[in-house]
Structures are given as C-alpha cells and as structure tokens.
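Reading through the structure tokens given below for one structure.
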Amino acid sequence: MIRMTEPSKITGVPDHQPAAGGIAARARASVGPKYLTGLNPEQRDAVETLDGPVLVLAGAGTGKTRVLTTRIAHILSQGRARPSEILSVTFTNKAAREMKHRLGQMLGQAVEGMPWLGTFHSIGGRILRTHAELAQLKSNFTVLDTDDQVRLLKQLLQADNIDDKRWPARMLAGLIDGWKNRGLTPSQVPAGEAAVFANGKGGKLYASYQERLKILNAADFGDLLLEDIRIFREHPDILRQYQQRFKYILVDEYQDTNVAQYLWLRLLSQAPAKPASPTVIPGRLEEPNPESGDESSARDSGSAPSAHPGMTAVGPTKNICCVGDDDQSIYGWRGAEVDNILRFDHDFPGAKVIRLERNYRSTGHILAAASHLIAHNEGRLGKTLRTEDQDGEKVTVTGSWDSEEEARGIGEEIEQIQRQGEKLNEIAILVRASYQMREFEDRFVTLGLPYRVIGGPRFYERAEIRDALAYLRVINSPADDLAFERIVNVPKRGLGDATVQMLHDHARKRRIPLFEAARAVVETDELKPKARGSLRDVVAQFDRWRAQREVTAHTDLAQIVLDESGYTEMWQKDRSADAAGRLENLKELVRSMEEFENLQGFLEHISLVMDRDSGADEDAVSLMTLHSAKGLEFDNVFLPGWEEGLFPSQRTLDEQGRAGLEEERRLGHVGLTRARRRAKIYFATNRRIHGTWSTTIPSRFLDELPAANVEITESKGGSAWGGTGGYGASRFDDMEAFGSTYSTPGWQRAQANRNKGGSRNGGGGRGGFEEEASNFSSSSSSGPDFGSFSSRRRGPLTIEGELVAKSTGTTSEFSLSDRVFHQKFGYGRVTRIDGNKLTIAFDKAGEKKVVDSFVQRA
DNA sequence: CCAACCAGATTTTTT
DNA sequence: ATCTGGTTGG
C-alpha cells in the first residue's frame, strides 16, 4: 500500500485551536484528560513531561507506541503546539502508519494535520526538496535505491579502469553508505579510510559519485539526511526556521539511529553545544569528529537568535523526546549507534530519563527468561521488566537430531496448538537467518499448513516494479540515464551492450543525457539498420507518451506505457511460475498510483513510501527472521536454530567481537519477548549449511537462561534427541555450566536419557545414534526436492496469503496425470494421489508432495 | 544478441 | 547446494 499525507490536506483540528480541547475540558474536572486514564505512572510521566529533553527507555511490551501517540495527543490538547509544529520520526513506514492510525483513533481526523510525522528519510527528503537548489539538485530529484546506486558506481569504476572484480561496486556502495551513515561528506572522510578502496581511490570515487548524482538530478537514501545536515550547517537561517517550527520532536526507536540521524536531530532540536574538544565523546569516533562542525554551527545559531528580527522571538526548542530500548538494538551492522541512546543524557544535558518496565505482553516465565538472558550484556542502561501477569508456561528448550527433525517437530506442535483451537495468526517461527526458512516452508507445504513469509524482497525492489518505474522515470525526466539504461532493452529490442556503449560515448562527448544521445544517433547511420530502427521506435514512443502525459490521467498513462512498450506482453508470454505474480504486481502498482495526484508526485514518493502491505488476513503461521519480528507479538513463538555459529552468528562474532555477541544476545531477547504466552526454543545437533552437513553445539545463550523458568523437553518430531550421538558433546548438558538448579521433570528425563541412551528406542547410546543416522540418511534422500524447492524462493510470486489451503479432508478432485499449476512450483503433472495429498512432478521444481488445495488445474 | 556454462559468495534490512 | 553474475561460444 502506498500512503502519504499531503501537508495541504491539513484538516480536522483547526490550527489555532488545541486539538481534542473538548476532551481536555470535559476531563479536567475529574482526574485529567480521558486519554491519560489507563496509563501507569511511568507512562503518564513520559506523556506529561513536556519540557526539556526526555529519554523514555521502553522495554519490550511496555506500551512504547501508546506513550508516543498519547504524548502527541497531550501536546495538542494542551495547546502547546499545533499539529504542524510537531516533528515525529520513525524508521519505517509501517511504524509511521501505525502511529497515524492510533493518533487517528484518539483524535479523529486530526492526524491528517500531522504533516511532519514520517520516517527519517521521508521527512529528510521533504526538507531536501524544499532546498534542493542548495544541494545542486532540482526539487524533483530522483531517489536512487541500492540497485541504481550500484549500477552508477559500476560505471564510475569502469570509467576509472578499476577492476570491479577486485573492487566490487557493492563494496564501494557499502563504504559510501557507511560514510553517509556517519554524517561524512567526501571531504570529511578520514584519509586513512578513504584509501582502503582501490588503492587509495575510495575518497575520490565518493566525490565523483556525488558529482554524478547531481548531474543525474538524483540523491541516494543517505543524501536525504546528509544533504539536510550540510544545508543546516551552511545556512543557519534555514536551520533556525526549522528549529522554530518544530516545538516538539519525538523519535521512535532511538536505539536504531545512526550518527547522521543523530546529527540531524541534534541540529533540529538545538541542544546546547558541548565544548568541541577532542575528548568530548570518549570512545565514540577516533577520526576527526564530524560533530565538531555541527556543534559550532548549532551554537552559533543558538547564540544569535536576533539575527532574524523578522522572526518571532522563540527560544530554541529543546523539547525532544526519544523513545527506545537499548536492549532491542539489533541494527548495529547497518550503522545504528547504540551509543546514541547510551549517551543521551550526555548529549542532551538535563535530560529526564524515564524507564518503562512494566510489561503488558508476556507471562512471568517468558519475561524472566528474556530478562535473565539480556542481563548477561554489559553495555546497557539496565531495566528490569516486570509483569503482573501469571507465570504461565515455562519456556521450553528442545533438542533435535537435525534441522529437519526440528522442522518436523515444530510442525507437529503447531498442528497440536491448532487443534486446541488457537489461531495460526498467533503463531510465529523466528529464525536467525533466512535460509532456515526453507525447511519450514517445505514442511508446511507437505502438511498443508498455511503460512506466510514476512520480510524478504520489498515490493518496489522487484524487477518488474523497478522496470515499470524506470519507464515512468524516463517519461518524467529525460535526464534519468539510469532508468533509460535499465529499460532500453527490456523487453528485448535488439539494443544490447554495444548499442548502449555507443550511446554512452555519444552522450559523454556532447554532454547530453542518454535519451537525447539516442535521438541524435538515430539520425546518423552509426548503428546497424535493425538497432537503429528499434531505437528510433523507442525514442518515438517516449515522445508520444510525454505528449500524452498532458492529456491523460497518470494511472492510464502508466497502463498505456506498459502495454505499448510490450512490457506486459513480455510477462504474458513468459511461462515461468512467477509470471502471473509479476503481472499481478504490475496491476497493483498501477492501482497504487491512484493515491497520488500526478506522475511527478508518485515518483517523488514512491521509493520512500512504498512497502508491501501486510497481506491477506488469512489465518496462517508467520515465518520470519528475528530482525523482522521486532515490534511484533504473538501468543506462540517458536525459536529454532539456537546453535553456536548460527545463533549467535559466527560471522557477527568474528567481525564485531564482544559487541557482536551482545547484539546477538539482544536479538535473542527480542525473540523471546515477542511471545505472549508460549516461547519455545530449539536446537539441532546437525545442520546443513551451504549444502554440507555439520555437527553443531547448542547455543551459549541456552546456558544463560534461568533454570527456574525453563523446561527441557524432548523433541516431538518422532525421535529422541537423547543418545550419546550429538547431545553428549554439548556444553548444554554440562550441569556445571547450566547450573545445578534444574529439577524439572523434563530435565531429569533428559538427564536420564543422556545416561541411558535414546529414549525412544531405549537401546544404548550407540543404537540410538544409528537409528537416528538412518533416519538422517532417508531425509537426506529428499535432497533433490529440497534443492529445487529453493529455485522458487527467488520469485516474486509470494503474494502473501495465496498459499492458503481452502479445504482438507475430502478426496482429491484431481486425477492421475492431471496437468496442474502451483503458485510456488509452477506447472507439473500429478503422479500419485493419496487422499487430498498429491505427488506432483513439477516441470522445474522436481517431484513434491503437495496438498491438493494448493494447486489448480492448468 | 542470446544461450549455456563457470566461478564466487552465501546474516540480519530500511529507506 | 544453489543462486548470481559474468564470460564464453554459437
């Protein structure tokens, strides 16, 4: 879904009158405004402390969003600020949408009047568009995504004769991103760092990349904030304007902010500057401190408010309220600085810190387990979550022989939970790495258990969407070389690399965009007749579309472009399994354009605002990574793969050492605290990674769970985890390490199993091992299945909710050798029927067992 | 210009 | 093991 709020649409609350004034007035007689009732004392404090900087440390499930939205309501109802004077930033569109929604519920239509509620990037982008000329851009600049960014860099590397094998463009993109995340413009990048790429050319490449962006009238995501920062620093008058406008600033998920976001916020919030000595921030940045510039300019503008006599004399606002949880900081690897939150009261002197520690989500055992785990971290502000809920069920820890048994066991437990009448929507499987998902998907497909994958490629990252957008971009801005290059030969028109290269040469020589180069080249005979003809058609088509733009609605125009270009046809002719999904996506794209005024408006916002809607509301198990689970909650949470190397991830440990370990631990904490009533942890002794089986040992995090709140259970996957096979080697069964307080029946049973051997076959350890080993080999014989299964993971076809079984139990309506179509596997032929379970030989995906409601007759 | 083959990588994700 | 992207051969 695409949503945006036009600033012009401010309605509902008249600006001159406090919002919800009626409520406030009505309630004043009694205990206070109605919206404050039901808040606990800390929450209420967080809402009512309006003056000065406030840091709300909101543990998981403590009502963070409620505090944020209520605080906004409070500010409005107290008449402290108008809706347009509140800056409220989130990280994701989803979070922004959620806040708008909840505000809407509290205040009626007033949300429409919150023009500055949005993501860092959308707001940063808005500000940048307003002052685009100060960044050598036009206000209609294009926002490049990662893909465009990399392609552009690749061109720069080629132009510089740099071997992009040895120095991949992706790597440079990562470096530049990292610099931008830290608020560094090309000239501010420390020389040592700039030199690491391509024998010292890194810094120069960053600079020429920025130059190219200006020529293309484009900005990347990082620029949306970085250019703002630069403008703020170089033009104190503009900064002051915003500082005066924003009477209140609210920040969600503060623990995820990076340095650039921090600087941006600091400039806007006009915190008093600290002395710019090299030691201001111990252990922060070793390099020349990028903040020093900010601090002086912040101080300058702050100390000279009278410089603009025309402006109302409003003091600098320091009313910034950041909400976050250091224990949920899991994005360090992409530039988030936990330090930002850890140092808050240092950066914003006089800050009031409020801790929300009452958890309204999880039962006692779950909360205790999560708290105990996170307590092993050192670098934290420290909170103690408490609940008034019952203890509930203990967190379970279950070992399995291998990852397949793990999936099987979880599948069975889910079916059991389902039989107890619980909703699949209340069940989630949270994995560390996405490759773990495949096993569960495979299992669920076999079981006919509806599931949905959350996360994965975003809607606007899909090839067909990006292609369609590229067409529109070229129409909108003939100078958009990247877009032109992307679609000049899509669908295939016989305009290959040679032609494009030629156009590039031409364009460079004359300093004109590729499109204009094409127009010129068509008039010459430099191209072979075939290519020349094609290219002439392309140019003519775009000219025609541009003319039509004046008289045609933008949605119709998009449809026309897709049809006339042959793009729709290209996918219609494509017989692959995901072609239908792609066409569906294209329709959705056109549909989504309706929400925008015109093509320009659509393109300006699309890259920032477009995300996948949460899909159908069909009852289904959710499958996602721990990262994408942040902010969500479920009654039942399954946490597979708690093994050393996988979780905590070896790579994180290698690259980031202790800090990495702590971040992984926070990830575990996030996982556990997603659960309302049941949290179930699993580990397997054997796991296949990159095709090879390897033996793993249980995660150290298991040892860090509090014995009193955890129960060790046996795998329900049909086989025991006991036996000397893998379990005997694990540190998890080391009583010393695990603590001696274990006395649960489960633990004792596990103990007994360990000594006796496998519980199911009752034989000696060795016997148990062999039994399992044969089990293992039979499962590995399904290897080919597996492999082909993944071939569809790529596809865009996963329209959520589509994989929902409609009925079960009836005899199949299919017959042998029926030609069928499956959303994930494509076309195939039925080779066996077993009740409602079909065995199908898929053309591409190989043979699979599938429940009949998942397929349709082809 | 296209298909078929081969080497390299392969956590996590937002905008 | 598998997916990607690039190179090679037709």
Side-chain angles (χ1 to χ4, degrees), chain A residues 89-96 118-125 143-146 149-150 154 164-166 168-171 177 180-181 219-225 253 256-258 260-261 329-336 430-438 454-458 460-461 489 492-500 528 530-531 534 605-612 624-631 641 645-656 660 663-664 666-667 670-671 688-693 780 783-795:
Chain A
V89 281
T90 63
F91 274 85
T92 64
N93 291 307
K94 198 178 152 206
T119 63
F120 273 102
H121 294 270
S122 66
I123 290 173
V143 179
L144 300 187
D145 58 37
T146 324
Q149 207 182 337
V150 170
K154 197 170 277 181
D164 67 353
K165 246 337 198 285
R166 206 160 111 72
R170 287 221 163 269
M171 186 193 216
D177 250 23
K180 288 186 174 180
N181 283 159
D220 63 20
F221 287 121
D223 286 339
L224 300 182
L225 291 162
E253 306 278 19
D256 287 339
T257 50
N258 59 36
Q261 286 153 345
S329 160
I330 54 176
Y331 287 111
W333 49 273
R334 71 176 190 211
L430 311 182
V431 297
R432 174 67 239 273
S434 44
Y435 67 77
Q436 290 172 263
M437 290 186 192
R438 194 202 288 171
I454 313 271
R458 253 130 263 305
Y460 73 90
E461 277 170 9
N489 199 30
K492 299 271 187 280
R493 300 190 175 92
L495 301 169
D497 288 347
T499 311
V500 172
K528 291 193 193 113
K530 215 172 125 206
S534 287
H605 291 94
I606 197 62
S607 50
L608 295 177
V609 150
M610 195 152 187
D611 57 9
R612 162 208 298 265
M624 70 190 94
T625 62
L626 286 163
H627 283 92
S628 31
K630 195 168 77 153
L646 175 58
F647 185 56
S649 149
Q650 190 57 50
R651 196 153 159 177
T652 302
L653 262 39
D654 291 346
E655 285 167 12
Q656 329 215 23
E663 183 154 312
E664 294 284 302
R666 291 193 289 266
L667 209 41
V670 166
R688 183 164 40 179
I689 300 165
H690 306 164
T692 20
W693 285 94
S780 90
D785 264 5
F786 244 50
S788 46
F789 189 89
S790 70
S791 65
R792 60 108 217 116
R793 289 208 100 253
R794 240 344 95 193

Taking atom C1' of B:dT15 as reference, at what distance in whole Å does atom OH of A:Y331 sit?
12 Å
From the candidates B:dT13, B:dC2, B:dT15, the one with an atom nearest any side-chain atom of A:T625 is B:dT13
Starting at atom CG of A:L495, determine the distance to atom P of B:dC2, rounded to an integer number of angstrom.
9 Å
Among B:dT15, B:dT13, B:dC2, which is the nearest nucleotide to the side chain of A:S628?
B:dT13
Return the value, rounded to whole Å, for the distance between atom NE2 of A:H690 and atom P of C:dC3.
13 Å
Table of protein N/O atoms under 3.5 Å from nucleotides 7-10 of chain C N/O atoms:
none

Remember a base hit wins even if backbone is also touched, and classify A:K154 as base, sugar-phosphate or nothing at under 4.0 Å, heavy atoms.
sugar-phosphate
Which nucleotide sits closest to the side chain of A:A498: B:dT13, B:dC1, B:dT15?
B:dC1
Might you point out which heavy atoms bring A:V670 and A:K630 nearest each other, and give the distance in Å?
CG1-CA, 4.2 Å
Mind calculating the distance between CG (A:D145) and C1' (B:dT15) to the nearest angstrom?
10 Å
Find the distance A:R432:CZ to B:dT10:C1' and express it as a whole number of Å.
14 Å
What distance, rounded to whole Å, do you find between the two P atoms, one in B:dT12 and one in C:dG5?
16 Å
Just by modelled atom types, is the A:A336 backbone N or O under 3.5 Å from a matching donor or acceptor in the A:D256 side chain?
no
Rounded to whole Å, the CD-P distance (A:E664 to B:dT12) equals 12 Å
Looking at A:A95 and A:T90, what are the two nearest heavy atoms and their distance?
CB-CB, 3.9 Å
Should we say atom CG of A:D497 is surrounded by more than 12 heavy atoms from elsewhere, each under 6.0 Å from it?
no
In whole angstrom, give the distance that lies between atom CZ of A:R438 and atom P of C:dC3.
7 Å
For A:W333 and B:dT12, do the ring centres fall under 5.5 Å apart while the planes stay under 30° apart?
yes
Donor-acceptor under 3.5 Å (A:R493 side chain, A:S534 main chain)
no
Search all heavy atoms of A:H121 against all heavy atoms of A:L224 and return the closest pair with its distance.
O-CD1, 3.7 Å
Using whole Å, report how far CD1 of A:I689 lies from P of B:dA9.
18 Å
